[in-house]
There are 2 protein chains.
Amino acid sequence: MAVSGGLRHDLHGRGQRLTPQRQRVLDLFERVGAGHHLSAEDVHLQLLRADARVSLATVYRTLRLLASMALLRELELPEGSRRFELASAEQHDHHHLVCAACGRTEEFDSAQVLQAGADAAAKHGFRLLSSRLTVRGLCGACAAAV
Amino acid sequence: MAVSGGLRHDLHGRGQRLTPQRQRVLDLFERVGAGHHLSAEDVHLQLLRADARVSLATVYRTLRLLASMALLRELELPEGSRRFELASAEQHDHHHLVCAACGRTEEFDSAQVLQAGADAAAKHGFRLLSSRLTVRGLCGACAAAV
DNA sequence: TTCGATGCAAACACTTTGCATTGGC
DNA sequence: GCCAATGCAAAGTGTTTGCATCGAA
């Protein structure tokens, strides 16, 4: 498939190799889709479940590698939960609404936010890479329960 | 002082006590100001430097306590750096510009972002608590170095 | 055949917890 | 005096690394 071919090419460009393990990790992210957030542990378990033996150490190494290649992107969510998601080219920044009580998360887009981020970057002499808004709140169910 | 008096009162309301350690941790955050982000280790070192012996375990316990009381707020920054800042009432949401290369951070405000967050919350039936935009980019110096 | 990648286990950094003791109220 | 809070050290997390072996190119 296209992406994996690109992966092989990109790796070779860095003197690195395309291994079944790397393939499987990236495949998994493609299978679950761009909006999904997976932790290292999630990736490891899902691969085991699919009978693809990959060590946890390799999962960590591969996540770091793919993120450094900008194929994955690390999320910026609260409190020690490192998660990654597919950073496909056609996908634009999306933002998160997180329920402070139950942890439920929703995603949304906003051109306004993008613009505000670009303005701030320009003002401080930064070259914009990405912007993420995290809105904390109480979801309907939790707000009702309080 | 006003804040500590409030602290004592809030703690009593929960059947908890105002100890010198808790006082010192909150004082430290007030001394450095609302815009500063401190890790548990930072707090511990600064207190030691000020001759205030507080164990690291207590620092962690206190940060969690003060955050649960909404006196401190935990930041949502990338990659395993848990940091806290003072959540004073008069302070409005502020956002972060983080250099992906050197980690330098700048802060900024944006009414636009606040509005976008409020819109998104309303649309998904959330009650808004706070919104934080994290913009990743390359600061001037790092962009020039690439 | 070569040298990068893997698996395993040990090492790490950060955070939490059990327990005896201290001290706020 | 009671019971919450502290300090210490031990136990957990999640993540990284050293090293022998494996395998992509």
Side-chain angles (χ1 to χ4, degrees), chain A residues 4-28 37-48 50-69 71-72 74-84, chain B residues 4-28 37-48 51-69 71-72 74-84 103:
Chain A
S4 301
L7 177 56
R8 164 171 275 120
H9 180 265
D10 290 349
L11 286 168
H12 286 186
R14 307 165 141 230
Q16 294 171 321
R17 297 169 184 173
L18 179 58
T19 63
Q21 289 86 341
R22 289 172 179 181
Q23 180 90 255
R24 282 180 205 135
V25 171
L26 186 54
D27 280 355
L28 173 60
H37 319 143
L38 305 179
S39 66
E41 190 61 35
D42 292 338
V43 171
H44 189 221
L45 285 176
Q46 300 233 25
L47 290 179
L48 288 184
D51 266 329
R53 294 159 291 91
V54 179
S55 74
L56 187 54
T58 294
V59 170
Y60 276 107
R61 284 187 277 234
T62 302
L63 290 175
R64 203 164 7 137
L65 176 71
L66 295 176
S68 79
M69 297 172 68
L71 290 172
L72 296 183
E74 186 170 351
L75 296 190
E76 293 163 9
L77 292 176
E79 159 119 22
S81 61
R82 274 178 87 179
R83 286 169 178 280
F84 294 81
Chain B
S4 301
L7 177 56
R8 165 171 272 123
H9 181 264
D10 290 349
L11 286 168
H12 286 187
R14 306 164 142 230
Q16 293 171 322
R17 297 166 186 177
L18 178 59
T19 63
Q21 289 87 341
R22 289 172 179 180
Q23 179 90 252
R24 282 178 203 137
V25 171
L26 186 55
D27 280 354
L28 173 60
H37 319 144
L38 304 179
S39 68
E41 192 60 36
D42 291 338
V43 171
H44 189 220
L45 285 177
Q46 300 233 26
L47 290 180
L48 288 185
D51 266 329
R53 294 158 293 91
V54 179
S55 75
L56 187 54
T58 294
V59 169
Y60 276 107
R61 283 187 277 232
T62 303
L63 290 176
R64 201 162 10 134
L65 176 72
L66 295 177
S68 80
M69 296 170 69
L71 291 172
L72 296 183
E74 187 171 350
L75 295 190
E76 293 163 9
L77 293 176
E79 160 119 19
S81 62
R82 275 178 86 179
R83 287 171 176 279
F84 294 81

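Proteins come first, then strands; the chains are lettered A, B, ... in the order of their sequence lines, and each starts at number 1.
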> Which pair of heavy atoms, one from Leu18(B) and one from Gln23(B), lies closest together, and at what distance?
Replying inline: CD2-NE2, 3.7 Å
>> Counting only side-chain heavy atoms from C-beta out, which of dT6(D), dC25(C), dA25(D) sits nearest to Thr58(B)?
In response: dT6(D)
> Can you name the nearest heavy-atom pair linking Gln21(B) to Thr58(B), along with the distance?
Replying inline: CB-CG2, 4.0 Å
>> Base, sugar-phosphate or nothing for Gln21(B)? Non-hydrogen atoms, less than 4.0 Å.
In response: sugar-phosphate
> In degrees, rounded to 10°, what is the bend between the two ends of the helix from dT1(C)-dA25(D) to dC14(C)-dG12(D), using five pairs at each?
Replying inline: 30°
> If each of Ala40(B) and Gln16(B) is mapped to the nucleotide of DNA chain C with the nearest heavy atom, which maps nearer the 5' terminus, i.e. the 5' end?
Replying inline: Ala40(B)
> Could you give the distance from OG (Ser39(B)) to CG (Leu63(B)), rounded to the nearest 0.5 Å?
Replying inline: 9.0 Å
> Expressed in angstrom and rounded to an integer, what is the separation of Arg83(B) atom CZ from dC14(C) atom P?
Replying inline: 10 Å
>> Side-chain N or O of Arg82(B) versus OP1/OP2 of dA13(C): is the shortest distance under 4.0 Å?
In response: no
>> Output the rounded distance in Å from CZ (Arg24(A)) to C1' (dG7(C)).
In response: 13 Å
>> Go through it in stages, so that I can follow the logic: the residues are Met69(B) and Leu7(B), the test is side chain to side chain contact (heavy atoms under 4.5 Å, CB included), and I'd like the CA-CA distance, side-chain angles, deciding distance and then a yes or no.
In response: CA-CA 9 Å; Met69(B) 296 170 69; Leu7(B) 177 56; 3.9 Å; yes
Taking only nitrogen or oxygen atoms into account, show me every contact under 3.5 Å that the protein makes with nucleotides 18-23 of chain C, one pair per line with its distance.
from: dG23(C); atom 1: N2; to: Arg17(B); atom 2: NH1; distance (Å): 2.5

> So which heavy atom on Ser68(B) is nearest to which on Leu65(B), and how close?
Replying inline: OG-O, 2.7 Å
>> Just the rounded figure in Å: distance from P of dG4(C) to CZ of Arg22(A).
In response: 11 Å
>> Output the rounded distance in Å from CG (Leu65(A)) to C1' (dT16(D)).
In response: 15 Å
> Given the rule in the side chain to side chain contact (heavy atoms under 4.5 Å, CB included) test, do Leu28(B) and Arg24(B) qualify, once you have shown the distances and angles that lead to the verdict?
Replying inline: CA-CA 6 Å; Leu28(B) 173 60; Arg24(B) 282 178 203 137; over 6 Å; no
>> If I take atom CG in residue Leu56(A) and atom P in nucleotide dA10(C), what distance separates them, rounded to the nearest angstrom?
In response: 16 Å
>> When you measure from the side-chain N and O atoms of Thr19(B) to the phosphate of dT6(D), is any distance below 4.0 Å, counting only OP1 and OP2?
In response: yes
> In whole Å, what is the span from the CD atom of Glu74(A) to the C1' atom of dG14(D)?
Replying inline: 13 Å
> Would one find a side-chain N or O of Arg8(B) under 4.0 angstrom from OP1 or OP2 of dC25(C)?
Replying inline: yes
>> As an exercise, state the distance from CG of Leu71(A) to OG1 of Thr62(A), rounded to the nearest 0.5 Å.
In response: 12.0 Å
> Shortest non-hydrogen contact from Arg17(A) to Leu11(A)?
Replying inline: O-CD1, 3.3 Å
> Within this structure, what is the CG-to-C1' distance between Leu63(B) and dT6(D), rounded to whole angstrom?
Replying inline: 15 Å
>> Test your reading of the model: is there a side-chain donor-acceptor pair from Arg22(B) to the backbone of Arg8(B), 3.5 Å cut-off?
In response: no
> Nearest nucleotide by nearest heavy atom, which residue falls closer to the 5' end of DNA chain C, Ser39(B) or Arg53(A)?
Replying inline: Arg53(A)
> Separation of Tyr60(A) atom OH from dT6(C) atom P, in whole Å?
Replying inline: 16 Å
> If we only count heavy atoms from C-beta on, is the His44(A) to Leu48(A) side-chain gap below 4.5 Å?
Replying inline: yes
